[in-house]
*Asks:* 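One structure, pasted below without further comment.
Side-chain atoms are counted along with the backbone in the values below, which use heavy atoms only and exclude waters and symmetry mates. Computed from a predicted structure; not experimentally measured.
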Amino acid sequence: GKKMEKVSDQHSAQLKQQQDLVLEMENSAEALSSELEMANTKLKQQMVLTAAQENTVSELRAELKAEQDMRSRMAAEASELRDKVDSMKSEMEQLQLMQKFLGGNSKENLHNAKVTSRELILMRKCEKLLNEVTKLKQVNQHKEEQ
């Protein structure tokens, strides 16, 4: 009877040891699983953050490109206006030269009057263009200050 008791005690001790081991393994598996979940959550947050940053960067790039396009458009417009003003100036100079060469008879005086009215029209056009150039410069300055 004593032998059987000893075996039984040994057996239950072994069983208890195995149960403890299983419990320990279960606990560590649970700990690992919760660590993994936390790591996953962190990774997801990081991915969301990265995507948001990428969106911001591409939005900024788009804004910058639009700004650059607008500036080059304005520069082109301004140089076009300068060309127009230059050609009008030279036209006016030619008209002034013609006026100097014109004599005093009535036909020429009539021509002079026409030249003068044309000159006035050109001068008004020039003033308008110069105003436009000034406005463009102001808009450009305002843009740069922003």
*Asks:* To the nearest 0.5 Å, how far apart are SG in Cys126 and CG in Asp86?
*Replies:*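 It comes to 9.0 Å.
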*Asks:* So, taking the atom named CG in Asn140 and the one named CD in Gln138, what distance separates them when rounded to the nearest 0.5 Å?
*Replies:*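 Asn140 atom CG to Gln138 atom CD measures 10.5 Å (nearest 0.5 Å).
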*Asks:* Check the pair Met74 / Met70 against side chain to side chain contact (heavy atoms under 4.5 Å, CB included), numbers first and verdict last.
*Replies:* CA-CA 6 Å; Met74 287 176 112; Met70 190 171 163; 4.2 Å; yes
*Asks:* Any heavy-atom pair between the side chains of Lys137 and Gln141 that's under 4.5 Å?
*Replies:* no
*Asks:* Which residue pairs pass the salt bridge (charged side-chain N to carboxylate O under 4.0 Å, His left out) test with at least one member in residues 25-50, sequence neighbours excluded?
*Replies:*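 For residues 25-50, and leaving out neighbouring residues, there are no salt bridge (charged side-chain N to carboxylate O under 4.0 Å, His left out) pairs at all.
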*Asks:* Could you state the interatomic distance from CD (Gln10) to OG (Ser8), rounded to the nearest 0.5 Å?
*Replies:* 10.0 Å
*Asks:* With sequence neighbours excluded, give me every side chain to side chain donor-acceptor pair (under 3.5 Å) pair touching residues 57-85.
*Replies:*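 Qualifying pairs: Lys65-Asp69.
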*Asks:* How long is the straight-line distance from CG of Leu129 back to CG of Leu136, given to the nearest 0.5 Å?
*Replies:*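 Rounded to the nearest 0.5 Å, the CG-CG separation comes to 10.5 Å.
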*Asks:* Has Gln17 got more than 12 heavy atoms of other residues, nucleotides or ligands less than 6.0 Å from its CD?
*Replies:*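 Counting other residues, nucleotides and ligands, CD of Gln17 stays at 12 neighbours or fewer.
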*Asks:* Under the rule for salt bridge (Lys or Arg N to Asp or Glu O under 4.0 Å), what residues qualify as partners of Asp20, not counting sequence neighbours?
*Replies:* Lys16
*Asks:* What I'd like to find out is whether the side chain of Met88 reaches to under 4.5 Å of the side chain of Val85, using heavy atoms alone.
*Replies:*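 Not touching, per the 4.5 Å side-chain cut-off.
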*Asks:* So which residues get pulled into Leu43's cluster when ILVMFWY side chains under 4.5 Å apart are joined, directly or through others?
*Replies:* Met47
*Asks:* Nearest 0.5 Å please: distance from the CD atom of Gln19 over to the OG atom of Ser12.
*Replies:*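 Separation between the atoms: 10.0 Å.
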*Asks:* Is the shortest heavy-atom distance from the side chain of Leu122 to the side chain of Leu95 under 4.5 Å?
*Replies:*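 Answer yes - side chains close enough.
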*Asks:* Scan residues 46-56 for pairs that pass side chain to side chain donor-acceptor pair (under 3.5 Å), counting only residues two or more places apart or in two chains.
*Replies:*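 Passing the test, one end in residues 46-56: no pairs.
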*Asks:* Tell me every residue that passes salt bridge (Lys or Arg N to Asp or Glu O under 4.0 Å) with Glu91, counting only those two or more places apart in sequence or in another chain.
*Replies:* Arg118
